[in-house]
Amino acid sequence: MVTVSQAKSQLSAFIKSAEQGEQVVIMRGSKPAVMLRPVSEKDLNLTPELSLSALAAFEDEVIHDRKKGLLRKLGNDPVEAVTAFNRRRSKRS
């Protein structure tokens, strides 16, 4: 356990320790604030985890907005959608 001041002055050393598997907890006053640890492949997964109910609610919102003319379909499959999205984005630049 280290203080914020120690972490600031010796950050490289604490990162190296964490990469080697040591738990480095940075304290803010007398309370643990954060822990340094190595980054795993799972940490780099940028796909958000959503519940089925959240996905269903999002789909309902998209359908509602599409019916009101606020959205339109980008394509018939994911490849078409990404291509159309990128084309539109490049036109705006």
Side-chain angles (χ1 to χ4, degrees):
M1 292 190 196
V2 299
T3 65
V4 172
S5 297
Q6 291 169 316
K8 285 181 183 179
S9 66
Q10 301 173 42
L11 184 58
S12 293
F14 292 129
I15 289 174
K16 186 175 181 178
S17 294
E19 288 174 327
Q20 294 172 350
E22 184 178 331
Q23 289 186 3
V24 180
V25 177
I26 301 174
M27 307 289 287
R28 186 177 299 279
S30 61
K31 296 181 180 180
V34 297
M35 180 185 299
L36 296 178
R37 63 176 179 79
V39 175
S40 69
E41 285 296 318
K42 184 179 178 184
D43 295 325
L44 298 176
N45 182 359
L46 300 178
T47 305
E49 294 182 18
L50 299 173
S51 67
L52 290 177
S53 61
L55 288 173
F58 176 72
E59 185 176 15
D60 290 344
E61 186 176 334
V62 168
I63 290 167
H64 176 265
D65 287 352
R66 199 175 280 144
K67 285 178 182 175
K68 286 191 155 215
L70 301 173
L71 297 174
R72 48 184 192 166
K73 197 172 183 178
L74 288 174
N76 294 316
D77 60 49
V79 173
E80 277 185 27
V82 169
T83 302
F85 176 78
N86 288 335
R87 192 177 317 114
R88 289 178 187 176
R89 187 171 61 176
S90 67
K91 286 181 182 179
R92 291 181 190 166
S93 301

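The figures that follow rest on heavy atoms only: side chains count, while hydrogens, waters and symmetry mates do not.
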Is the closest side-chain heavy-atom distance between M35 and Q23 below 4.5 Å? yes
Shortest non-hydrogen contact from V24 to V2? CG1-CG2, 4.2 Å
Residues forming a side-chain hydrogen bond (donor to acceptor under 3.5 Å, both in side chains) with N76, sequence neighbours excluded: none
Give a yes or no on this: more than 12 heavy atoms of other residues, nucleotides or ligands lie within 6.0 Å of atom CG of L52. no
Go through V25 and V34 one step at a time and tell me if the side-chain contact (heavy atoms from CB on, under 4.5 Å) criterion holds. CA-CA 6 Å; V25 177; V34 297; over 6 Å; no
Minimal non-hydrogen separation, S30 against M27, with atom names: O-CE, 3.3 Å
Which atom of R28 lies closest to which atom of V4, heavy atoms considered: CA-CG2, 4.4 Å
Checking R66 now: which residues fulfil salt bridge (Lys or Arg N to Asp or Glu O under 4.0 Å) with it, not counting sequence neighbours? none
In terms of heavy-atom contacts, Q6 and M1 come closest through OE1-O, 4.5 Å
Please tell me whether T3 and S5 have a donor and an acceptor in their side chains that are separated by less than 3.5 angstrom. no
With a 4.5 Å limit on heavy-atom distance, are the side chains of L36 and I26 in contact? yes
What distance separates F58 CZ from S53 OG, expressed to the nearest 0.5 Å? 14.0 Å
